[in-house]
Amino acid sequence: MRLLEERIRKDGIVKGNDVLKVDRFLNHQMDVELFTEIGEEFRRLYAGEEITKILTIEASGIGIACVAAQCFKVPVLFAKKNKTKNIAGDVYTSKVESFTHGRVYDIIVSKEFLRPEDKVLLIDDFLANGAALMGLITLVEEAGAKLVGAGICVEKAFQPGGQRIRDMGIRVESLARIKSMSEEDGIEFI
Ligand code: 5GP
């Protein structure tokens, strides 16, 4: 998506060789007009697919998912990062290893909101090693719901997540795919 690539070039900040900061428009301050364009692009890509729910993960996916959900006219569910040791039986759970924080945490969704009859589109801001998406995929599988695919804003294609998940036969649509990046040379898109 040209608009998103241009915005990343203009306002994205590369840290080291593998972290892209997009706090100016996506992860901290949020450009909702851009989010609307992104939501409409996901809608166009998944036109013809029946989708009953959008599933994302807290916190940084929620804004994008909410705006996308307006385009799809379906509810948004976000997996919560579980902070307590006791997990009640009325939730689905899976584990995620955080790329940005480097630790493992449980994510949960209530069984009340993710149903076997749901047809689910996953939305997230970044795809790196694929841990966040894998965690969401596990929740959908546990619920016995149908996974339609995933919509990602920025895929760092030099990391293995996208390949791994596509190899599972899951549809992944990424609006900006980064081939390589560095502080010195900037960002190259696919
Ligand atoms: P993965 O689980 O695929 O390794 O990483 C995806 C998650 O880590 C996303 O939900 C996102 O919040 C975070 N993330 C991964 N890479 C980056 C990055 O380069 N920049 C930012 N801002 N977040 C990232």
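Counting convention: from 1, in listed order, for ligands and their atoms alike. Source: prediction; values computed, not measured.
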Enquirer: Check for me whether Arg171 meets the cation-pi criterion with Tyr46, that is, NZ or CZ under 6.0 Å from the six-membered ring centre and within 45 degrees of the ring axis.
Expert: yes
Enquirer: With sequence neighbours excluded, what pairs up with Glu117 under the side chain to side chain contact (heavy atoms under 4.5 Å, CB included) test?
Expert: Arg115
Enquirer: Every pair of nitrogen or oxygen atoms between ligand 1 and the protein that is under 3.5 angstrom apart - can you list them with their distances to 0.1 Å?
Expert:
unit_1: ligand 1; atom_1: 2 (O); unit_2: Ala131; atom_2: N; d: 3.1
unit_1: ligand 1; atom_1: 2 (O); unit_2: Ala132; atom_2: N; d: 2.8
unit_1: ligand 1; atom_1: 3 (O); unit_2: Ala128; atom_2: N; d: 2.8
unit_1: ligand 1; atom_1: 3 (O); unit_2: Asn129; atom_2: N; d: 3.2
unit_1: ligand 1; atom_1: 3 (O); unit_2: Gly130; atom_2: N; d: 2.7
unit_1: ligand 1; atom_1: 4 (O); unit_2: Asn129; atom_2: N; d: 2.8
unit_1: ligand 1; atom_1: 10 (O); unit_2: Asp124; atom_2: OD2; d: 2.8
unit_1: ligand 1; atom_1: 10 (O); unit_2: Asp125; atom_2: OD1; d: 3.4
unit_1: ligand 1; atom_1: 12 (O); unit_2: Ser60; atom_2: OG; d: 3.2
unit_1: ligand 1; atom_1: 16 (N); unit_2: Lys156; atom_2: NZ; d: 2.8
unit_1: ligand 1; atom_1: 19 (O); unit_2: Leu20; atom_2: N; d: 2.9
unit_1: ligand 1; atom_1: 19 (O); unit_2: Lys156; atom_2: NZ; d: 2.8
unit_1: ligand 1; atom_1: 20 (N); unit_2: Leu20; atom_2: O; d: 2.7
unit_1: ligand 1; atom_1: 22 (N); unit_2: Leu20; atom_2: O; d: 3.3
unit_1: ligand 1; atom_1: 22 (N); unit_2: Asn27; atom_2: OD1; d: 2.9

Enquirer: Determine all donor-acceptor pairs shorter than 3.5 Å in which one atom belongs to a side chain in residues 125-141; sequence neighbours excluded.
Expert:
unit_1: Asp125; atom_1: OD2; unit_2: Asn27; atom_2: ND2; d: 2.9
unit_1: Asp125; atom_1: OD2; unit_2: Ser60; atom_2: OG; d: 2.8
unit_1: Thr138; atom_1: OG1; unit_2: Met134; atom_2: O; d: 2.9

Enquirer: How long is the straight-line distance from CD1 of Ile107 back to NZ of Lys95, given to the nearest 0.5 Å?
Expert: 10.5 Å
Enquirer: Main chain of Ile123, side chain of Thr56: is a donor-acceptor contact present, judged purely on distance under 3.5 Å?
Expert: yes
Enquirer: Got a sec, which hydrophobics cluster with Phe78, joining ILVMFWY side chains under 4.5 Å apart, including via others?
Expert: Ile62
